[in-house]
Amino acid sequence: MRALMMGAMMAAAMLATPANAQDADDLSGTWAFQTNSYGNEQFGVIMSGAATFTATAPNRYDVRLIANELIVQRETSASQMLTARQNCTGENSEGQITITCQLSEAVEGYEPDNFLLQAGTSADELVGALTSGSSPQVTFTRLR
């Protein structure tokens, strides 16, 4: 069920962005992302989702982001999925990409996400860290 939800969400996000040839410095498009595992002794957490970047000015972006945070209680293996829709701003300053978000819908117990990224091994990869609350590594991969 979760895989189906994620697939439908990614398909919808991909349809929202036209397929254009992209310059390596242009972040416009749809990206999937996933963090490494994080949490504490009681809970294990992993986040994944999709983000659509739309250029608003040179090196500035409006970013619509959907984050799915899977929280697993380590002792019982009970899990909970939180989904947060967020409106974000992105800025690429000398190769450092900052994404700062605000929740577009309130989700109990969920704080907005922020990321600090840089180019990965290709023009279709961004790597860095989730910088809000916890700081696990994250990888963004361009879908289109």
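Only heavy atoms go into these numbers, but all of them, side chains included; no hydrogens, no water, no symmetry mates.
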Can you tell me if Tyr110 uses its side chain to pair, donor with acceptor, with the backbone of Ala84 under 3.5 Å? no
Give the table of side-chain donor-acceptor pairs shorter than 3.5 Å for residues 97-105, with sequence neighbours excluded, one pair per line with atom names and distance.
| residue | atom | partner | partner atom | Å |
| --- | --- | --- | --- | --- |
| Ser104 | OG | Arg85 | O | 2.8 |

Examine the side chains of Thr83 and Asn68 and answer whether a donor and an acceptor come within less than 3.5 Å of each other. yes
Nearest non-hydrogen partners of Gly95 and Asn92, listed with the distance: N-OD1, 3.3 Å
Relative to each other, are the rings of Phe33 and Phe140 parallel, tilted or perpendicular (30° and 60° limits)? parallel
Counting heavy atoms not belonging to Gln137, are there more than 12 under 6.0 Å from its CD? no
Give, for atom CG of Asn40 and atom OG of Ser134, the distance between the pair rounded to the nearest 0.5 Å. 8.5 Å
Gap between atom OH of Tyr61 and atom SG of Cys88 - 0.5 Å precision: 14.5 Å
Scan side-chain atoms only and decide if Asp124 and Ser122 contain a donor-acceptor pair under the 3.5 Å cut-off. no
Within-4.5 Å side-chain heavy-atom neighbours: Glu125 and Arg142: no
Nearest-0.5 Å distance that lies between atom CD in Gln73 and atom CD in Gln42: 7.5 Å
d(Leu143 CG, Thr52 OG1) to nearest 0.5 Å is 9.0 Å
Rounded to the nearest 0.5 Å, how far apart are CD1 of Ile71 and CD1 of Ile46? 12.5 Å
Should Met81 and Val72 be counted in the same cluster of Ile, Leu, Val, Met, Phe, Trp and Tyr side chains packed under 4.5 Å apart? yes
Under the 3.5 angstrom rule, does the side chain of Arg60 hit a backbone N or O of Thr89 as a donor-acceptor pair? no
Counting distance only, does the side-chain N/O of Thr141 pair as donor-acceptor with the main-chain N or O of Ala32 below 3.5 Å? no
Hey, are the side chains of Asp113 and Glu69 touching, using non-hydrogen atoms and a 4.5 Å cut-off? no
Can you name the closest pair of heavy atoms from Ala129 and Ser135 and give their distance? CB-O, 4.2 Å
Considering all heavy atoms of both residues, which atom of Gln96 and which atom of Gln118 are nearest to each other, and what is their separation? NE2-OE1, 4.0 Å
Is Trp31 linked to Leu116 within one hydrophobic cluster, defined over Ile, Leu, Val, Met, Phe, Trp and Tyr using a side-chain heavy-atom separation of less than 4.5 Å? no
Shared ILVMFWY cluster between Val107 and Met47, side chains joined below 4.5 angstrom? yes
Would you give the length of the straight line joining atom CD of Glu91 to atom OG1 of Thr56, rounded to the nearest 0.5 angstrom? 9.5 Å
